[in-house]
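For reference, the structure discussed in these notes is given below.
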Amino acid sequence: MNKNNIDKLKRPTTWSPVKTTLIATAVSASLLACQPEQKAVEPVTQAKTQLTAKDAEQFVNDAEKRIGDIYEYAAKAAWIAQTYINVDSQYIESKANEEFKLLGIELANEAAKFNGLDLPYDVARKLDLLRLGLTLPAPANQPEKAAELASIESKLTGMYGAGKTADGEQYNLGELSKTLAKSDNPDELLQAWIDWRKVSPQMKPLYQRLVSIANEGAQDLGFQDLGAMWRSKYDMDPDAFAQEMDRVWTQVKPLYEALHCHVRAKLNEKYGDDVVAQQGPIPAHLLGNMWAQQWGNIYPMVAPEGGAGIDVTERLEAKEYDAISMTKQAEGFFTSLGFAELPETFWTRSQFLKPQDRDVVCHASAWDITTEDYRIKMCINVNEEDFNTIHHELGHNFYQRAYNLTQPVLYRGSANDGFHEAIGDTIALSITPKYLKEIELISEEPDASGDLPFLMRMAMDKVAFLPFGLMVDQWRWKVFSGELTPDNYNQGWWQLREQYQGVKSPIARSEQDFDPGAKYHIPGNTPYSRYFLAHILQFQFHRELCKISGHEGPLHRCSIYNNKEAGAKLKAMLELGQSRPWQEALQTMTGSDQMDATAVIDYFAPLKEWLDEQNKGRQCGW
Ligand code: X8Z
Ligand code: ZN
């Protein structure tokens, strides 16, 4: 299942669904469900006064069994709910999720009873993982609230997937996103931007209620609020984690500001002062993406003169790629590193295309339903963005399989959730012109004059994303702590968009709107800091794997395609699952236990120099 769900139970850090993929929420469920008699875990009650290390070990073993027993069922319920959205599938999914939640809460509370005992490492780590597992905990001993929370989760995910307004009017995110990506008519862009935001206002009351119940659940588990619980999943003090995020952001901020400055100037040249001013934040509908989170689609507007750049979309079309052959090509990268092929059922059970006859959640995700059953769920279009996303999703599947086959249930997760998000992207950093020539997508590799266009194209996605990756959970943390209330949810959202991204709403918004809800991960309840982490880690991983592969020269020209040594190193890290703190996994892989954005800086160094040159005489910032 999506890892999400599963994870909910499985991961330490994340039990919550890991959403590695996104499955979000719902799934998780079931633990309880249907099998009351499945009380494998002997409740640790007051009957015994003295708990021992042996009791703890027994408890952990039983917990793994119970989680393992419910996982497949919960995953399948979630799969159906997301690939056939209707009242019945949502009902079943929410029942499964409810069971899962109840099991999660029971186990988390029981786990806490062993606090203070001197325990073997693995037992202690697994207890921690149990305590932190849920993404949205319900309060203890209030099963009706667990049921309500599970039902809200399913409804919100279904609402986003179906894209309907309160009046039943339907909007198609795929089509609207195409307009955002391709049009250069500001009126058309604005209309598409507004239209998608008509589906989210009806989510607001549900979201409010969800926040209230899940906060209560987090408090019952001993956390200040749900945000503090989410920040506790990183093998370090939660406040220190927040500071780490800020520290790394400070490292990359000058690069982002340089990119922002140049892009704004180019947009101003194209659209004029009335649409985008030379100073101040950029209106959010002009950046080629529904949420202005990745800007690669408007690359042609900002392309350096001279070097052409490779139009991967055009090449995929010319070579008559389709959803399956794109996915096969991506799988081929992983097998070239020494990973085994995906099982046959991957090809028969995945959803590759948007079905015409029903509503589905198109937002891409990767699922491990059992230790043998891996799937992706996407609505693939033949273009560069989706080619990258397929690599991203397969990164999840190969990670899942690596730890599922080697680790016990509670260690089946990534070192931290940023690692899960980083693997496929790390591979996609190796989609260089040299690689494209190797797979015969292009016939000639461009000379060094192609470097700058290539780097600019990459920066439009990878650098542009960074502040967005940071602000989404900044917003949620404030919502969970009560610093933002329903009276200022939307205003708080736009304040952070402006502060971090230098982007503003193209039209006035009010608290009747609920713009956060128009981004999948809010109704889907997928934590978002993971993507910020991933955008730093993937460059660290790339730099290291390139070194192992013997690459010399600039980092952006390295492709680890076919390199078995790099593959072995990667696989060893994936197989650790979440059995060790992420700092240790990072150390094994890179020789350092610190997140470090210098790999991003190194990678983009030639571009930064060029941007600084372009920006001379411009007033940057917003
Ligand atoms: O949600 C995703 C993946 C699935 S985990 C497609 N991503 C984030 C997003 O779309 O907002 C990947 C990049 C950021
Ligand atoms: Zn992902």
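Just follow the structure's listing: the first ligand is 1, and inside any ligand the first atom is 1. Basis for what follows: all heavy atoms, side chains included, without hydrogens, waters or symmetry-related copies.
Around the Zn ion (ligand 2), the angle linking E421 (OE1) with H392 (NE2) is 90°, rounded to 10 degrees.
Among H420, H363, E393, the residue whose heavy atom lies closest to atom 10 (O) of ligand 1 is H363. Checking R530, K377, Q294, M378 against atom 13 (C) of ligand 1, the nearest heavy atom belongs to Q294.
Interface atoms of ligand 1 facing H396, defined by a heavy-atom separation under 4.0 Å, are 5 (S). Under a 4.0 Å criterion applied to the non-hydrogen atoms of Q293, ligand 1 contributes the atoms 9 (C), 10 (O), 11 (O). The atoms of ligand 1 that sit less than 4.0 Å from any heavy atom of Y528 are 8 (C), 9 (C), 11 (O), 14 (C). Every atom of ligand 1 with a heavy atom of E421 under 4.0 Å away is listed here by number and element: 5 (S). Which parts of ligand 1 touch K519 is read off a 4.0 Å heavy-atom cut-off, strictly below it: atoms 9 (C), 10 (O), 11 (O).
With sequence neighbours left out, the side-chain hydrogen bond (donor to acceptor under 3.5 Å, both in side chains) criterion links Y321 to Q329. Residues forming a side-chain hydrogen bond (donor to acceptor under 3.5 Å, both in side chains) with N172 (at least two apart in sequence, or on another chain): none.
Heavy atoms of Y520 come nearer than 4.0 angstrom to ligand 1 in no pair at all.
Under the 6.0 Å cut-off for aromatic ring centres, Y528 and F468 qualify, their centroids lying closer than that. For an aromatic pair to be called close, the ring centres must be under 6.0 Å apart, and W493 with F514 fails this.
At a 4.0 Å heavy-atom cut-off, ligand 1 does not touch W291 at all.
The pair K519-D515 fails the salt-bridge criterion, with no side-chain N (NZ, NE, NH1 or NH2) lying under 4.0 Å from an Asp/Glu carboxylate O. Between D473 and K478, none of the side-chain N atoms (NZ, or NE/NH1/NH2) sits under 4.0 Å from a carboxylate O, so this pair counts as no salt bridge. A salt bridge does not link R375 to D368: none of the charged nitrogens lies less than 4.0 Å from a carboxylate oxygen.
The shortest N or O to N or O distance between H521 and ligand 1 is under 3.5 Å.
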